Amino acid sequence: MASFIQVPQDSHFPLHNLPYGVFCTADRPRHRVGVALGDQILDLSEIRGLFTGPELCRHQDVFNQTTLNSFMALGHLAWSEARRTLQVLLSSSEPVLRDNAALRSRAFVPQSSATMHLPADIGDYTDFYSSRDHATNVGTMFRGKDNALMPNWLQLPVGYHGRASSVVVSGTPIRRPLGQMRPDQTLPPVFGPSRQLDIELEMAFFVGKGNILGESIPIHKAHEHIFGMVLMNDWSARDIQSWEYVPLGPFLGKNFGTTISPWVVPMEALLPFAEPNVVQDPEPLPYLRHHDPYTFNINLSVSLKGEGMTEAASICSSNFKYMYWTMKQQLAHHTVNGCNTRPGDLLASGTISGPDPQSFGSLLELSWRGSKSIPLGDGESRTFLKDGDQVTITGFCQGAGYRVGFGTCVGTILPALQP
C-alpha cells in the first residue's frame, strides 16, 4: 500500500492509518477537519466533493464542519466508505489528487504549520478502571494484597463520570491544582497545592453513532459505535483524591485537566493488530460476553523531562493488550441501563499497567506510593511531578515495514495559582 506522498517507515501516519483530526493555520484560522499522512495534513474541506459513495454523497458537508461530531454521527458504514475513498485518492496509482497541482496546493498543509485542536465537541466523558494489574497494585497499596480487588471488579467494568469541560488537546499546559488534603491522619485536613501530582497512562475511544435514552447498545453491535482511539493522560492529584474519594469517588483530584492526543485513529486501522482477549475468570454475565478479538497490540511509552534536564527520560513502557475489560464491554455496560451516548462522547480505559514494574502506568505505582524515587538522569529523580515537568505519551502498532501510530500526547505542569 503506497501513497504518492512519501512517508518514512517510522512515521506514525502512513496510508495504513489515516487518522482524523481538527486543525487550523495562521492564514486560515477557521477549524477544519483533516487527515494525517506522513508529515502532511489533507484538508477534507477542500476535497469533500470527491466523496461520492452511497453513504457520503448526500453528507459531504460533514467534512466542512469545525469538529468531527457530524461525521461520527453517520455511523460505521460511512466511516468505512470514507476510509476506502481516502486510500484510493491518496494511492500512488490514482491521478485525481496526484496530478492536480492546484488542488494539491490547496488541500495539503504541512503539519509543522498547523495548530491542532480537540477533534470533537465532547459532551460527556467517562473514565474506566480496566487494567487488572493497575487495580491490583493500587488496591494492594491501600488495602493489602488479600483485599486488592473490590468484590465487583471481576464482574463488571468499573468506571466514573469525569468532567468533559477540562479535557484538553496535547500541548495545553496543566495547572497544578489546589485542594483539601490530609497528609497526617492524626491532624485536620489542610488546603494548598497538590504535592502528589501524578500521571495516568491511558487510551480512550470516541463514541460515533450513539443510542437513544432508554435503549442499550448490545455487545455484538458495540463495534459499530466505536469511531476511533486517542492517547490520554488523566492527570491525578493523589493527595486530594485520597481524602475526597470516599464515598462517591474521584472529584477535584481528577477534574482539573485531562489531555488527549489530537489524531483519532480509526478502528479499521487498528483491526490488523487485534489480539485474543484476556481470559476472564469468572466468566462475565451474558450481556458482557464476546469472543471476537478486541484487544490491541499498541506499544505505549511515557517520558518525563524536568526543567533542569537536557533530555527526556523514559519512565514507562507498556501495552494496551494488558487491559482486562475490552472497549466493547465498556460500551455495552455503560449503556445496559438505558444511558444514552452521543457522537463525540469520550470513554477512557483507565491507567494501563502491565505485569512488571517498568510497565506500571502511573507514578503512584512506579514510586510505590512515594516510597522510592524514580531515577531520571541528570541528577534528577521523582516520586511525583514537579512544576515545569513535561510528560509525553506516545503509542503505535508495528506492522511489516510500517507503523500505525497516534503521535504524541504532551502536557507541562504550571505552578498552582494561589486563591
Side-chain angles (χ1 to χ4, degrees), residues 1-25 32-44 46-47 68 79 82-94 97-98 104-105 107-117 119 169-171 201 203-206 227-233 259-274 296-303 305 311-312 314 317-321 390-410:
M1 189 183 298
S3 170
F4 61 81
I5 299 291
Q6 295 299 309
V7 179
Q9 283 194 359
D10 61 352
S11 171
H12 280 206
F13 308 125
L15 195 58
H16 305 75
N17 190 348
L18 301 183
Y20 296 95
V22 171
F23 73 102
C24 73
T25 52
R32 291 111 74 191
V33 172
V35 162
L37 180 64
D39 62 359
Q40 299 291 304
I41 300 174
L42 175 61
D43 185 342
L44 297 190
E46 292 289 347
I47 65 161
L68 285 165
W79 311 335
R83 179 173 172 80
R84 290 194 302 270
T85 300
L86 286 167
Q87 287 187 324
V88 170
L89 289 172
L90 293 167
S91 70
S92 58
S93 59
E94 175 58 50
L97 268 176
R98 184 194 65 194
R104 284 182 60 178
S105 68
F108 285 99
V109 175
Q111 287 197 39
S112 59
S113 65
T115 298
M116 301 303 298
H117 303 279
V169 74
S170 175
L201 167 62
M203 299 196 73
F205 69 87
F206 278 101
F227 178 76
M229 297 183 70
V230 292
L231 302 170
M232 173 180 282
N233 189 340
T259 305
I260 64 172
S261 54
W263 293 109
V264 187
V265 176
M267 296 312 299
E268 282 194 52
L270 297 172
L271 287 177
F273 306 97
F296 299 92
N297 186 357
I298 305 172
N299 301 291
L300 299 165
S301 61
V302 184
S303 63
K305 185 176 185 297
E311 59 182 31
S314 174
S317 296
S318 194
N319 196 296
F320 188 73
K321 68 183 180 182
Q390 182 180 80
V391 178
T392 301
I393 298 174
T394 189
F396 64 89
C397 305
Q398 184 62 58
Y402 70 95
R403 288 180 173 179
V404 169
F406 293 80
T408 57
C409 177
V410 182

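All heavy atoms count here, side chains included; hydrogens, waters and symmetry mates do not. Because the structure is predicted, anything quoted here is derived from the model rather than measured.
Side-chain contact between Leu271 and Phe296 is present, with at least one heavy-atom pair separated by less than 4.5 Å. When side chains are defined from C-beta on, Val302 does not count as touching Ser317, because their heavy atoms never get closer than 4.5 Å. Between Ile260 and Phe206 there is a side-chain heavy-atom pair separated by less than 4.5 Å.
Residue Leu201 holds its CG atom at 8.0 Å from CG of Asn233, rounded to the nearest 0.5 Å. Of the inter-residue distances, the one linking Thr259 atom OG1 with Leu231 atom CG reads 11.0 Å to the nearest 0.5 angstrom. One finds the CZ atom of Arg104 at 9.0 Å from the CD atom of Gln40 (value rounded to the nearest 0.5 Å). Rounded to the nearest 0.5 angstrom, Leu42 CG and Leu86 CG are separated by 6.5 Å. Here Thr85 contributes atom OG1 and Leu18 contributes atom CG; the two are 11.0 Å apart, rounded to the nearest 0.5 Å. Distance check, rounded to the nearest 0.5 Å: CE of Met1 to CG of Leu90 gives 11.0 Å.
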What do the steps show when you test Met267 against Met229 for side chain to side chain contact (heavy atoms under 4.5 Å, CB included), and what is the final call?
CA-CA 7 Å; Met267 296 312 299; Met229 297 183 70; 3.6 Å; yes
Steps toward side chain to side chain contact (heavy atoms under 4.5 Å, CB included) verdict (Gln398, Arg403)
CA-CA 5 Å; Gln398 184 62 58; Arg403 288 180 173 179; 2.7 Å; yes
Going through the checks in order, is the side chain to side chain contact (heavy atoms under 4.5 Å, CB included) test met by Ser112 and Asp39?
CA-CA 8 Å; Ser112 59; Asp39 62 359; over 6 Å; no
Check against side chain to side chain contact (heavy atoms under 4.5 Å, CB included), His12 and Val404
CA-CA 5 Å; His12 280 206; Val404 169; over 6 Å; no
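The only option from Leu44, Val109, Val22, Ile41 that meets the side-chain contact (heavy atoms from CB on, under 4.5 Å) definition with Arg32 turns out to be Val109. Here the rule is side-chain contact (heavy atoms from CB on, under 4.5 Å) with Trp263, and of Phe406, Phe23, Phe13 only Phe13 fits it.
Across all non-hydrogen atoms, the minimal contact from Cys24 to His117 is SG-NE2, 3.1 Å. The two atoms that bring Pro14 and Leu37 nearest to each other are C-CD1, 3.8 Å, heavy atoms only. The heavy-atom pair separating Ala107 from Ile47 by the smallest distance is CB-CG2, 4.0 Å. Nearest heavy-atom pair across Ser170 and Val410 is OG-N, 2.9 Å. When all heavy atoms of Val169 and Pro262 are compared, the pair lying nearest together is CG2-CB, 3.8 Å. Pairing each heavy atom of Ser261 with each of Val230, the nearest pair is OG-CB, 3.5 Å.
Looking at Arg98, its side chain never comes within 3.5 Å of a backbone N or O of Ser91 through a donor-acceptor pair. Judged by distance alone, the side chain of Asn297 and the main-chain N or O of Lys321 form no donor-acceptor pair under 3.5 Å. A donor-acceptor pair under 3.5 Å links the side-chain atoms of Ser113 to the main chain of Pro110, judged by distance alone. Listed for the Gln111 side chain is a donor-acceptor partner under 3.5 Å among the backbone atoms of Gly38. In this structure, the side chain of Asn299 engages the main chain of Phe396 through a donor-acceptor pair within 3.5 Å.
Surrounding CD of Glu94 are more than 12 heavy atoms belonging to other residues, nucleotides or ligands, all under 6.0 Å away.
Ring geometry for Trp79 against Phe227 counts as perpendicular: the plane angle is over 60°, on a 0 to 90° scale with 30° as the lower cut. Between Phe4 and Phe108, the two ring planes are perpendicular [angle over 60°; tilted spans 30° to 60°].
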